[in-house]
There are 2 protein chains.
Amino acid sequence: MSTTGRGLHGRVLDILGPEITAGEYPPGSVLRTDELAQRFDVSRSVMREVVRVLESMRLVESRRRVGVTVLPTCEWNVYDPQVIRWRLAGADRPRQLRSLTVLRSAVEPVAAGLAARNATAEQCAELTERALGMVAHSRGHQLEGYLVHDMAFHRVILTASGNEMFARLGDVVAEVLSGRTHHDVMFEDPDPAAVTLHVQLAEAVRERDAVRAEELTRQITVGALQELDILAP
Amino acid sequence: MSTTGRGLHGRVLDILGPEITAGEYPPGSVLRTDELAQRFDVSRSVMREVVRVLESMRLVESRRRVGVTVLPTCEWNVYDPQVIRWRLAGADRPRQLRSLTVLRSAVEPVAAGLAARNATAEQCAELTERALGMVAHSRGHQLEGYLVHDMAFHRVILTASGNEMFARLGDVVAEVLSGRTHHDVMFEDPDPAAVTLHVQLAEAVRERDAVRAEELTRQITVGALQELDILAP
DNA sequence: CGGGAACAAAAAGTCAGACTTATATGTCAC
DNA sequence: GTGACATATAAGTCTGACTTTTTGTTCCCG
């Protein structure tokens, strides 16, 4: 699951990153490279590489004669996939999930509208296929199978939009959907209305009906938001 | 302007990063750490830190016995502010500007709707102030002054939304607006209709009219998109 | 002639230690 | 109290030796 794992430096990052994003060190806290190197039992070279990466994520700032200062949340590169993963795995997971779902509700409808204009025949086909897959797994405790198709469906929509900024949110949406199934309470079977909306959306894209695609996606994301409100009002 | 500048490692990054994002090395190209260190006349330690940062941006991937492989564009962390800046400064600036403007058109209306619900009294006041500032600088070659208020206006909207993902796009929007004034052709004075829309938007937020705020912002962003279409059809 | 196992080379990864540089802070004179 | 100066500190840099992983080749055997 963890993308980083490769190398000693990645292992340290996978411990220190989550600690920082979890807020274990309040903003302004100062860490010393030497101490960290000692704590993780790695050389200063490795520790320096870790600090550089954390710095590029704007989680910390390294200054001479001061040390490695933890930056306030508002500075963090919250779109960094790594940061998103760390935060979703941490304590403020609910807040994070809500932020991301709101982002979804803004982006996906527009993306779907563009997809209706730009999707290739292959993309239309996969969309239909995935929607049917969702239908097939919508009853009788097949949540895992349903999730696979749901994630793929939304990824295709975002990719087919033709906008690379949208496309890059595929991973984020996948994380959100996955989290809903695995971590949060999910009813035995998915909402039948939502399944229908997906089928209709695939249809709208295939028929190049941008307005309808946008509206349908808006309904899907509104549903996702309402689901959150029920869980954590 | 460059955030990185600090340290020897930052200077190398400021050269190599733009080169990669400009597509000077096609995806799959292999760079060797030693050669790069030689080229930039820095030690391998410094070069390794640079590679680590590029790796965390998913611009490259470092593998043993192979070298540092340049990744295809679809892998890049295109939301990384650094990457955005590098790309905006490079050759595919127009494409990048369009992607970001489309993103704006998706996000800002929703953000404005939320801002109408969540904005504090201070934020409402600054919004009005900035709108008036835009009016004051809307005639007679005061593009710089206009830009300052325009950027601040949109940043307040995004921040006031209360969603950190939206708030973090303030820099992106600022870059887009700034680019329009500085690099691209901009008519002598801003479109009077756009100025009016901003004044009305400040009003709508102040009056907690979320629907109207959303609709007005939609008109603003549609205008921005049309402007792009005129420039690069 | 084909396939697989052993081997060798190449490049990144790691470490240790010495040295440099910037800078926050304390000290002292005025 | 204020300013200049000295000092200590922690990051920054460099070098060179060593380790580990992986790829590609070679060579043996079926």
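Letters go in sequence order (proteins before strands), and every chain restarts at 1. Basis for what follows: all heavy atoms, side chains included, without hydrogens, waters or symmetry-related copies.
Looking at B:Asp171 and B:Arg155, their side chains come closer than 4.5 Å, going by heavy atoms from C-beta outward.
Between the side chain of A:Arg52 and the base of D:dG12, no donor-acceptor pair of N or O atoms lies under 3.5 Å. If you check distances only, the side chain of A:Arg65 does reach the base of D:dA8 with a donor-acceptor pair under 3.5 Å.
When rounded to the nearest whole Å, the span between CG of B:Asp34 and P of C:dA9 equals 18 Å. B:Met47 places its CE atom 16 Å from the P atom of C:dA11, with the value rounded to the nearest Å. Per the geometry, CD belonging to B:Gln38 stands 13 Å off P belonging to D:dG16, to the nearest Å. When rounded to the nearest whole Å, the span between CD of A:Glu61 and P of D:dA10 equals 18 Å.
Considering every non-hydrogen atom in both B:Arg104 and B:Leu177, the closest pair reads NH1-CD2, 3.5 Å.
At a threshold of 4.0 angstrom between heavy atoms, the contacts of A:Arg44 include nucleobase atoms, whether or not backbone atoms are also involved. Residue A:Ser45 is classed as a base contact, given a heavy-atom separation below 4.0 Å to a base. Heavy atoms of A:Val66 sit under 4.0 angstrom from primed sugar atoms or phosphate atoms, though from no base atom. Note on A:Arg48: a base of the nucleic acid sits closer than 4.0 angstrom, heavy atoms only.
The main-chain N or O of A:Ser56 is never found under 3.5 Å from a side-chain atom of B:Gln82 such that the two would form a donor-acceptor pair.
Listed pair A:Thr33 / D:dA10 fails the phosphate criterion, with no side-chain N or O lying under 4.0 Å from OP1 or OP2. For the pair A:Ser62 and D:dG12, the criterion of a side-chain N or O lying under 4.0 Å from OP1 or OP2 is met.
Picking from C:dA16, C:dT23, D:dT21 the nucleotide with the shortest atom distance to the side chain of B:Arg64 gives D:dT21.
Between B:Glu126 and B:Arg130, at least one side-chain nitrogen of the basic residue sits less than 4.0 Å from a carboxylate oxygen of the acidic one, meeting the salt-bridge criterion.
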